[in-house]
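Note on naming: letters A, B, ... go to the chains in the order of the sequence lines (proteins, then strands), and numbering restarts at 1 for each one. What you are looking at is a predicted structure, and each value in this text was computed from that prediction instead of being measured.
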2 protein chains.
Amino acid sequence: MKEPTIMDVARQAGVSVATVSRVLNGSTLVNASTQEKVMEVIRSMQYTPNAIGKQLRSQKTMTIAVVVPDISITYCVEIIKGIENTANPLHYKIIICDAQNKPEKEREFMTLLVSRTVDALVLVTPSQTDAELAAYADNGYTLGVIGRDAGHDAIPCALTDNVKLTRQVMSHLIGHGHTRIAFLSGFATAIDSYERLEGYMKGLQEARLPFVPELVDNGDFTEDGGYAAFMRLRERNPGLTAVFAANDEMALGVHKACGELGIPIPGGMAIVGVDNSRITNYVRPPISSVEQPLQTMGVLLAGKLIDQMNANEQAGRRVFKIDSTLIVKGSSSLKEAEEGQR
Amino acid sequence: MKEPTIMDVARQAGVSVATVSRVLNGSTLVNASTQEKVMEVIRSMQYTPNAIGKQLRSQKTMTIAVVVPDISITYCVEIIKGIENTANPLHYKIIICDAQNKPEKEREFMTLLVSRTVDALVLVTPSQTDAELAAYADNGYTLGVIGRDAGHDAIPCALTDNVKLTRQVMSHLIGHGHTRIAFLSGFATAIDSYERLEGYMKGLQEARLPFVPELVDNGDFTEDGGYAAFMRLRERNPGLTAVFAANDEMALGVHKACGELGIPIPGGMAIVGVDNSRITNYVRPPISSVEQPLQTMGVLLAGKLIDQMNANEQAGRRVFKIDSTLIVKGSSSLKEAEEGQR
DNA sequence: GAGCGGACTGTAATCGTTTACAATGGTTTT
DNA sequence: AAAACCATTGTAAACGATTACAGTCCGCTC
């Protein structure tokens, strides 16, 4: 079970290791007949080059690590697929790292970069601060961020335009006559929470509606959190007619709460979420949600990152700010609700 | 941005590389004061050992690759989590490989093993034949399989007891008075399809019900496939009152079809699926489904695999055949349907 | 005081590649 | 015919770690 090495091949073929290496790497400086002979030996021995040896010598692993906060959420999976779609054709391998929502795990994965196990690292909605990330970038490590702008020249970023996104939702709701619209944020540290809140306020302002702090609550991005937050919101604001949740999980919680309280959707309460996850189409009525082109974000970011590694181009800030689309469904539009009777 | 190497540390600390290495690996044969000094230098230089160098020398990567057919399905994600839970505390890293349902991709990932990029490889419901897998095992590569019994002494396997699982479902349905029960299989090559079909037949036999070939159809494990298959089944069998789908996706397809045709669930049609995926709880009525302890399967398999690598124990066949539990919900029980009004 | 053993440290080989440089032999140029 | 060149191949030095083996130094025993 001892693997044959390049030396075994060389001996068997009666040439030097250099020649075998040249054949392996498709160098032109090798005689056609020698090439043939070496290839034959390689085939007969079932030789496969040892990746570690290669990596040590070339100082490259052709591998990119993708660190996601939670492998079970579709948001992350879509991004991973996008990255894979760019990276694989360029012969880069992807390794997926699940931080299990633990900041310390995320930080642990950074050592993959430092120990040179991977050439680059993509962080999806990292918990680390911009300053922490900047420190890595300043030390010459290649990394990219998805979900926010890390604000560093050497760190390409891909993110959705949260303000635009939110204003889109607000104008939809306001257009349907809602004036008392609640906003459900995720945990306070998340940039998405902040930016979407900002967009919420801007949307109100443009429609000359007052901003009422009681209409804002936090649901921690989870279904249960959304459920609880909605209960609180409702208590505080009896006149509430619409909820904008910063993600679908919380929207689901609101949906559930309404079901239990016998509040009709969308007549008694309109609901809009973000992510347009599959499950929003399976509840009755389905939940309106904003679709983000996640795969595209992955594709763009990975492309940029690989360019950066190969071309050594430090072409300044590279931030992809990407627009998303509101998918209106039964939870916020009576018309849709009546049509879509599955 | 040049990484410091162990030699830089040695020079700076005025000792040899051997000593530094000993400090790094916690060897006892090093003077306390030297140790202190070396540690200090390591800290001040921010030295992190180069993983590639280490791997080349030790011929170990402490990494296990997990190859899944599709990263977007929860089935796979749960298994991954189980593996991670065992492997991480034992200092093994996991790399997740998404075969995107393409057999050629899966085969590509096998080279990770051959090129020594990883120490072991876990295949989740592999598309390769037992013989192909056996060839790897015979060449001394460490691999494990989840989802079926690969039938090789050196390949530990974790799988659900499909026959038991199916009979459980059948007795539930038969107990509720159903006599014309359809079986929806996945693609024919999948072992699950075959075994579950077998269980279906045994279940009928035990209840002295006839096996009617027209009551079996194939839905390719997808929602659309299940939808289409149900339409065909219904045409062929007007008296149909229950469907057992070999996974939840197909069950969802049946659920959708019934919704469109106005067939009441469970009164007009009872539905049972397998996997107990989250989404089954969000449709109305929720779909009864069999829950498999997927994380447990991952945990057991990974544990066995690591044992095998460390202890060199070739302790013969190691197959974990695991029981699952039917979760009865509204789609197959009127009682549940009436209670669970969300 | 020679011999021995223990505690610690250093030297150098090794893992499997790639690649700069040198070497070879043959052909063309001058 | 010497020089220059080309195509092809080989030698050996990296890459960054671990570790067998060989010191060195010191204190202890006989």
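- With Ile155(B) as the partner, the side chain to side chain contact (heavy atoms under 4.5 Å, CB included) test is satisfied by one option alone out of Val145(B), Thr142(B), Leu123(B), Asp149(B): Val145(B).
- Listed in residue order, the members of residues 5-17 of chain B having a heavy atom less than 4.0 Å from DNA chain C are Gly14(B), Val15(B), Ser16(B), Val17(B).
- Screening residues 43-52 of chain B for side-chain hydrogen bond (donor to acceptor under 3.5 Å, both in side chains), with sequence neighbours left out, gives Glu40(B)-Arg43(B).
- Of the residues in residues 31-40 of chain A, not one places a heavy atom less than 4.0 Å from an atom of DNA chain C.
- Using modelled atom types, one finds a donor on one side chain and an acceptor on the other under 3.5 Å when comparing Thr160(B) with Gln292(B).
- Enclosure of atom OH in Tyr194(B) is not indicated, since only 12 or fewer non-hydrogen atoms of other residues, nucleotides or ligands lie within 6.0 angstrom.
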key: Full working for side-chain contact (heavy atoms from CB on, under 4.5 Å) between Ile95(A) and Ile94(B)   = CA-CA 9 Å; Ile95(A) 89 175; Ile94(B) 292 302; over 6 Å; no

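- Judged by distance alone, with hydrogens and angles left aside, the side-chain atoms of Asp8(A) form a donor-acceptor pair with the main-chain N or O of Thr5(A) at under 3.5 Å.
- Across all their heavy atoms, Pro126(A) and Leu133(A) have their closest contact at CG-CD1, 4.1 Å.
- A salt bridge is defined here as a Lys NZ or Arg NE, NH1 or NH2 lying under 4.0 Å from an Asp or Glu carboxylate O, and Glu132(B) with Arg107(B) meets this definition.
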Show the atom names and distances, to 0.1 Å, of all donor-acceptor pairs under 3.5 Å that link a side chain in residues 11-19 of chain A to residues at least two apart or in another chain.
| unit_1 | atom_1 | unit_2 | atom_2 | d |
| --- | --- | --- | --- | --- |
| Ser16(A) | OG | Ala18(A) | N | 3.4 |
| Ser16(A) | OG | Thr19(A) | N | 3.4 |
| Ser16(A) | OG | Thr19(A) | OG1 | 3.4 |

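- No donor-acceptor distance shorter than 3.5 angstrom exists from the side chain of Thr34(B) to the backbone of Val30(B), with no hydrogens or angles considered.
- Annotation: salt bridge (Lys or Arg N to Asp or Glu O under 4.0 Å) contacts involving residues 84-100 of chain A, sequence neighbours excluded, are absent.
- The nearest heavy atom of DNA chain C to Ala18(A) and to Thr19(B) marks one nucleotide each, and the one closer to the 5' end goes with Thr19(B).
- Projected onto DNA chain D by closest heavy-atom contact, Thr48(B) and Val30(A) fall at different nucleotides, the more 5' of which corresponds to Val30(A).
- Heavy-atom contacts of chain B under 4.0 Å fall on DNA chain D between two terminal nucleotides, which in 5' to 3' order are dG16(D) to dT19(D).
- Judged purely by atom type and a 3.5 angstrom limit, Thr296(A) has no side-chain atom pairing as donor or acceptor with the backbone of Leu294(A).
- Taking the screw axis at each terminus of the helix from dG1(C)-dC30(D) to dT30(C)-dA1(D) from five consecutive base pairs, the angle between the two is 70° to within rounding of 10 degrees.
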ask   = Going through the distances and angles, do Leu159(A) and Phe320(A) end up as a side-chain contact (heavy atoms from CB on, under 4.5 Å)?
value = CA-CA 6 Å; Leu159(A) 50 129; Phe320(A) 302 102; over 6 Å; no

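- Tyr75(A) is linked by a side chain to side chain donor-acceptor pair (under 3.5 Å) to nothing, counting only residues two or more places apart in sequence or in another chain.
- The footprint of chain A on DNA chain C, defined by a heavy-atom cutoff below 4.0 Å, extends from dG16(C) to dT19(C).
- Within residues 51-58 of chain B, the residues approached by DNA chain D to less than 4.0 Å at the level of any non-hydrogen atom are Gly53(B), Lys54(B), Leu56(B), Arg57(B), in residue-number order.
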message = Go through it in stages, so that I can follow the logic: the residues are Asp119(A) and Tyr92(A), the test is side-chain contact (heavy atoms from CB on, under 4.5 Å), and I'd like the CA-CA distance, side-chain angles, deciding distance and then a yes or no.
response = CA-CA 10 Å; Asp119(A) 295 343; Tyr92(A) 276 86; 4.1 Å; yes

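- Scored by the side chain to side chain donor-acceptor pair (under 3.5 Å) test, Ser127(A) finds Glu106(A) as partners (sequence neighbours excluded).
- Arg148(B) is linked by a salt bridge (Lys or Arg N to Asp or Glu O under 4.0 Å) to Asp130(B), counting only residues two or more places apart in sequence or in another chain.
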